[in-house]
Each structure stands twice: as structure tokens, then as C-alpha cells.
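Fair warning: this is a prediction, and the values are worked out from it, not measured in the lab.
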Amino acid sequence: MLSDTFDAPNYSWNNEPSRAEVFKQFKSAVYTTDADGWLTYYNDAAADLWGYRPELGKTRWCGSWRIFTTVGAPLPLDQCPMAVALKEGRAVRGVQAVLERPDGTLIPFMPYPTPLRDASGAIVAGSNVLLSLAPPTVLNIPDLPAAAWAEGLPDEVRAGLEMDHLTGCLQATLAALADAEFGFQSDCERLQTWSGSAAERDGIICQLESKRQRQRDLLNHRLADLQRRTMLFTSQGRL
């Protein structure tokens, strides 16, 4: 179970039992940070939303494995709404984003990040409430340049493909396979400094491997279809 307190001296704000008890009662995902954005607390709902339990004091700005804008562009964590709230000293409202779990599941959400100040007005911490906006969905090939080739083309489009178009599709699919492997390796590198429980780390790796295999299966199926059609084209001179 997630502890409601964090023992490091720099995180004493989060050790107030009354605050922790209040946050435990929230059904929505809630987390807090220190003034520099390092996570000091999150409730079980936040862990469920993120799909894993990030390390307190070593995870910055947000516990989401990855964040995208609503149009699918990657959003660096140091530009996420909580980062903006703490850096600019203001509550951020009315924005939406999409978080990705380690297994590739995507969840649109609306954050409510708010800087917390002491009596002098200095920012001493931050709090955020995350409201999911839609049921979780699994994105087949998230954040890949060649994602458009992950699914089979409609018959009416395939019937008009020429050899140069087929070649481009093949190259894009191979690039997507390489990107999927690179993404998996990059995600695993993020765990090299993991100092939390081995069970949590193994669980994250299991999610990452599941995502990679799902990507591989889809792209290999697409590649086999393109290769078959290329062979037909070259042997018969048509599709």
C-alpha cells in the first residue's frame, strides 16, 4: 500500500496527518509536490490513473508516464500544467491533455494544478486534481512517425497503389518497427535509476513489454500484407 507520508526532511509539508487524511477521501486522482515540483504524495486513485506508482521525491511535475496534447503532440513533463502552475505561480484551469500509461493506454484528462503558499506568499508546494474525461483506450502505435501504417489500408485505396507507393509504405512500416524498439529501450532506461520496490519496477517493465509486443504484432501484420502485395505487383505487373 502507498504510504501517506514521506520521511525525507524536505517533504515535511506532506507529513501533516490532517492533510493526508483529507486527500485519502478524494475519489478523484490527487497528488502534491514540493515547491520545485517533486512528488510528495499521491492517492490510490492517482496511481490507478497513471497505471503505476511513481517514486516520491524522485518523480517531477506529474506521475504520468507520458503526456500528449489533445492533438497528439508529445508534451514534455516540464511543460505540463503542474510545471506551468509552479513556474508561473498561478493556478492553471481550462486545459485538457492526454496521459499515457506504461502499457500504452491513453486517458484524456483535465488537470487542476494549484500553487500552495505560506503566510508570506511564497510558494511552498503544489496540488493537483486529475479528472479523467473518457474511458481508457489502448493506442496501437503511440508517438511514432509512421503510425499511419499500423492499420491495413481500405480496399479502395489498396487497389490503386503503385509500386513507388508500396515501397514508401514498406519503408514507413520498417521505420515504425525500429521506432517501437527504440521507444521500448528508452522507456527501460528511465528505470535504471529506479530505487523503489523491485515488484513495482517489474510491473512497469511488464507493461512496457506488453505495449511493445502489441506494436510489433500490428506492424508485422502490416508488413506481411505489404510484402505480399509487392510480390504480386512485381510478378504480375499489377496489384
Side-chain angles (χ1 to χ4, degrees), residues 48-52 62-77 79-80 96-110 132-192 194 200-239:
D48 291 341
L49 182 67
W50 294 329
Y52 79 112
C62 182
S64 301
W65 188 256
R66 189 174 284 114
I67 300 179
F68 298 90
T69 67
T70 54
V71 296
L75 182 65
L77 290 180
Q79 297 176 26
C80 74
Q96 297 181 17
V98 179
L99 67 83
E100 180 188 342
R101 292 172 176 166
D103 69 353
T105 300
L106 295 179
I107 305 176
F109 72 99
M110 180 173 285
S132 58
L133 301 177
T137 59
V138 175
L139 183 65
N140 290 333
I141 310 292
D143 193 22
L144 292 179
W149 309 120
E151 298 179 357
L153 294 172
D155 290 339
E156 61 272 17
V157 176
R158 286 199 274 181
L161 285 178
E162 300 294 340
M163 188 60 188
D164 56 347
H165 196 171
L166 273 173
T167 301
C169 291
L170 281 166
Q171 292 173 337
T173 305
L174 290 170
L177 278 167
D179 284 342
E181 186 62 30
F182 177 79
F184 173 76
Q185 296 299 331
S186 297
D187 283 340
C188 288
E189 288 177 3
R190 293 175 57 179
L191 296 173
Q192 290 182 355
W194 182 270
E200 184 66 34
R201 179 180 180 276
D202 291 345
I204 296 172
I205 292 176
C206 184
Q207 290 188 68
L208 295 174
E209 290 176 339
S210 175
K211 171 185 170 183
R212 178 177 63 166
Q213 190 58 53
R214 192 166 58 248
Q215 292 176 336
R216 282 177 170 177
D217 290 345
L218 287 165
L219 289 168
N220 282 329
H221 177 76
R222 180 78 178 101
L223 186 62
D225 181 53
L226 286 168
Q227 290 174 329
R228 178 184 62 81
R229 299 186 67 79
T230 300
M231 292 179 63
L232 287 173
F233 187 92
T234 54
S235 63
Q236 301 177 9
R238 59 180 177 82
L239 293 179

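When every heavy atom of Q207 is checked against every heavy atom of G51, the shortest pair comes out as NE2-O, 2.8 Å. Taking each heavy atom of S132 and I107 in turn, the nearest pair found is CB-CG2, 3.8 Å. Contact record, R101 with W65: C-CB, 4.1 Å, taken as the closest heavy-atom pair. Considering every non-hydrogen atom in both A180 and Q215, the closest pair reads CB-OE1, 3.2 Å. Of all the heavy atoms in T173 and R222, the pair that sits closest is OG1-CG, 4.0 Å.
With rounding to the nearest 0.5 angstrom, the CD1 atom of I205 is 5.5 Å from the CG atom of L191. Atoms CG and CG, from L177 and L218 in turn, are 10.5 Å apart once rounded to the nearest 0.5 Å.
Residues passing the side chain to side chain contact (heavy atoms under 4.5 Å, CB included) test with C188 are F184, L208, sequence neighbours excluded. Residues passing the side chain to side chain donor-acceptor pair (under 3.5 Å) test with N220, sequence neighbours excluded: none. Scored by the side chain to side chain contact (heavy atoms under 4.5 Å, CB included) test, L170 finds L223, L226, Q227, T230 as partners (sequence neighbours excluded). Taking R212 as the reference, E181 meet the salt bridge (Lys or Arg N to Asp or Glu O under 4.0 Å) condition, with sequence neighbours excluded. Judged as a side chain to side chain contact (heavy atoms under 4.5 Å, CB included), and not counting sequence neighbours, the contacts of Q79 are L75, P76. Take T70 and apply the side chain to side chain contact (heavy atoms under 4.5 Å, CB included) test, not counting sequence neighbours, and it matches Q96.
Side-chain atoms of W50 and C62, non-hydrogen and from C-beta on, do get closer than 4.5 Å to each other.
A donor-acceptor pair is defined here as one N or O able to donate and one able to accept, closer than 3.5 Å; such a pair exists between the side chain of Y52 and the backbone of G63. Between the side chain of S186 and the backbone N or O of F182 there is at least one donor-acceptor pair closer than 3.5 Å.
Of the candidates T69, V71, I67, L106, V98 forms a side-chain contact (heavy atoms from CB on, under 4.5 Å) with just one, namely L106.
One finds a salt bridge joining K211 and E100 here, because a Lys/Arg side-chain nitrogen approaches an Asp/Glu carboxylate oxygen to under 4.0 Å.
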| task | Assess whether salt bridge (charged side-chain N to carboxylate O under 4.0 Å, His left out) is satisfied between D187 and R66, documenting all intermediate values. | result | CA-CA 10 Å; D187 283 340; R66 189 174 284 114; 2.8 Å; yes
